[in-house]
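As structure tokens, the structure follows; a few thoughts come after it.
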Number of protein chains: 2
Amino acid sequence: MSTGMTGRERGDAAPMGSERHMRADAVRNRERILEAATTLMAVHGIDVPIDEIAELAQVGVGTVYRNYPTKGALFEALLLARITPLVAAARTAAAADEPGEAFVAFVRNLCEEFADFKALADAMVASGVDLSAAKNQISGELIDAVSRLLERAQGSGRIRPDVTIGDVSAMMAGLSHADPMLMDPSQRRRCVALVCDSLLVGARSVLPQCELSRSSPGAVRRGSRSS
Amino acid sequence: MSTGMTGRERGDAAPMGSERHMRADAVRNRERILEAATTLMAVHGIDVPIDEIAELAQVGVGTVYRNYPTKGALFEALLLARITPLVAAARTAAAADEPGEAFVAFVRNLCEEFADFKALADAMVASGVDLSAAKNQISGELIDAVSRLLERAQGSGRIRPDVTIGDVSAMMAGLSHADPMLMDPSQRRRCVALVCDSLLVGARSVLPQCELSRSSPGAVRRGSRSS
DNA sequence: TACTATACGGAACGATGGTTCCGTTTGTCA
DNA sequence: TGACAAACGGAACCATCGTTCCGTATAGTA
């Protein structure tokens, strides 16, 4: 972390100018880069070296930098693509008939997204640290949308009235911070269920089964993986 | 992360051999190093450069390395010092008259520890990644102790019977991951309270007040801090 | 097919941070 | 007080990673 990425003033993370004639190979390469970056950032978060992205895309580093002037720009481009639909989803949920249920479902979804795309979680975790204007705006929109959703859900009486958007953000950040060892998908779902139970009024759901070995009490299986 | 610290076979992170004659200045310096490392790792976690530790200790880097053959060794030495009392606390709690309450109190305590000493949280988060034998053992002991505590608490009927030690570990890891921006102390306490509510049977506690500005709904204050 | 703007690749640069090495200093003991 | 092992400091080394630069290749066009 603390890559010290300085956001450029220009709002466009994508290639500059209107799409004048772009050479065919350039278009192809840009797609490849985006694809490779998505694949790698999904798994490793923002920590993937640019070299690896370039290698997977079968492209030189220079080509990556021609499309995205900085690693942060590439990161943001992917991020925006992920967050935008979430904002829409939150708005839809806020308009649902059962805002309480919709809220919980949305939170569940959000956590799945975090798990599927680690870079998103990294971004969430880094919230509050200097973000570019574009990212600040979109994440602000997300928070706004979730706030409205939360309000309506509380209005319906299904969600604890004393829960704040700050609580939700913090919980999401915590849940998103999925160490793959402690937090395999099934374990994560259990935790999400627990957290949701704590948000709901008078709820006590049946926790999803955890696939992980139960084994003798007090022994958490621990793999050994060196980077 | 992924510093690639290779654990040495020797179990002692502290200076080698039995305490033969150590020169007075050497003793003094070792204490200084430990002190400086504690101070810095409490705030910055494992990411502090050795140089900074050395500087604060008013010592050369070489001196740090003479005492702790690797950064990981120093890290572990501090960690063990922190975890050991936690194990004892868990055992005491397990023997308490009200194991349910004791469990919750212990969890609360654990979270405070995480917040006070970021390196501990880093270690928790890195669980499952290659640890040295010494660390594996002590953290295994901690899990054992918490498991027993959990079992007794569940036996008393205060804690949900479907909660597992895996759930607790994962929740702690999430909670420990305190981004100072999203998770100022008061916000953290609220989250801990929420999580504890989700663990307890039929509980719904009053959430501690959050000091953070409430401001207009849907706007989370966001500071701008560059590393 | 020849020409040129566009795009490419990857070596090289600079910053950061862990670790080692070695010439110098200093505590201790006789 | 003199000698020497122990300990010191910090420059230097190496690896990683973001970013830049420039000589080369090529898509598009006439």
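Each chain gets a letter, A, B and so on, in the order the sequences are listed, and its residues count up from 1.
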Closest nucleotide of DNA chain C for Val48(B) versus for Val27(A): which of these residues is on the 5' side?
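The answer here is Val27(A).
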
Between N or O atoms, less than 3.5 Å apart, protein on one side and nucleotides 21-26 of chain D on the other: list the pairs.
residue	atom	partner	partner atom	Å
dT26(D)	O2	Arg23(A)	NH1	3.3

Might you confirm whether atom CD of Glu55(A) has over 12 heavy atoms from other residues, nucleotides or ligands at distances under 6.0 Å?
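No, CD of Glu55(A) has 12 or fewer neighbouring heavy atoms, counting only those of other groups under 6.0 Å.
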
Heavy atoms of other groups near Glu35(A) CD, more than 12 under 6.0 Å
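Incorrect, the count does not exceed 12.
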
Looking at [options], which one has an atom nearest to any side-chain atom of [X]?
X        : options                  : answer
Pro49(A) : dG18(C), dG18(D), dC8(C) : dG18(D)
Ile50(A) : dT28(C), dA7(D), dT19(D) : dT19(D)
Val61(B) : dT20(C), dC8(D), dG9(C)  : dT20(C)

Length of the [atom1]-[atom2] vector between [X] and [N], whole Å:
X        : N       : atom1 : atom2 : answer
Glu55(A) : dC17(D) : CD    : C1'   : 15 Å
Phe75(A) : dG18(D) : CZ    : C1'   : 15 Å
Tyr68(A) : dT19(D) : OH    : P     : 15 Å
Asp51(A) : dT16(D) : CG    : P     : 11 Å
Met22(A) : dT6(C)  : CE    : C1'   : 10 Å
Ile53(B) : dT19(C) : CD1   : P     : 11 Å
Lys71(A) : dT16(D) : NZ    : C1'   : 11 Å
Leu74(A) : dC17(D) : CG    : P     : 16 Å

[X] [atom1] to [Y] [atom2] distance, which is reported to the nearest 0.5 Å:
X         : Y         : atom1 : atom2 : result
Arg190(B) : Asp167(A) : CZ    : CG    : 4.0 Å
Ile83(A)  : Leu142(A) : CD1   : CG    : 6.5 Å
Ser198(A) : Met171(B) : OG    : CE    : 7.0 Å

Side-chain N,O ([X]) to OP1/OP2 ([N]) below 4.0 Å:
X        : N       : answer
Asn29(A) : dC8(C)  : yes
Thr63(A) : dG9(C)  : yes
Thr70(B) : dT19(C) : yes

Residues in salt bridge (Lys or Arg N to Asp or Glu O under 4.0 Å) contact with [X], at least two apart in sequence or another chain:
X        : value
Asp51(A) : none
Arg82(A) : Glu113(A)
Glu52(B) : none

Salt bridge or not for Lys118(A) and Asp122(A), using N-O below 4.0 Å?
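Salt bridge flag = yes for Asp122(A) with Lys118(A).
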
Mind running a 4.0 Å heavy-atom check of residues 37-45 of chain B against DNA chain D and sending the residues that fall below it, in number order?
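Heavy-atom contacts with DNA chain D come from no residue of residues 37-45 of chain B; none.
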
Partners meeting side chain to side chain donor-acceptor pair (under 3.5 Å) with Gln137(A) (sequence neighbours left out)
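So Gln137(A) forms a side chain to side chain donor-acceptor pair (under 3.5 Å) with Glu141(A).
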
How is Glu52(B) classified with respect to the nucleic acid when contacts are heavy atoms under 4.0 Å: base, sugar-phosphate, or nothing?
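Counting heavy atoms under 4.0 Å across all strands, no contact is made by Glu52(B).
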
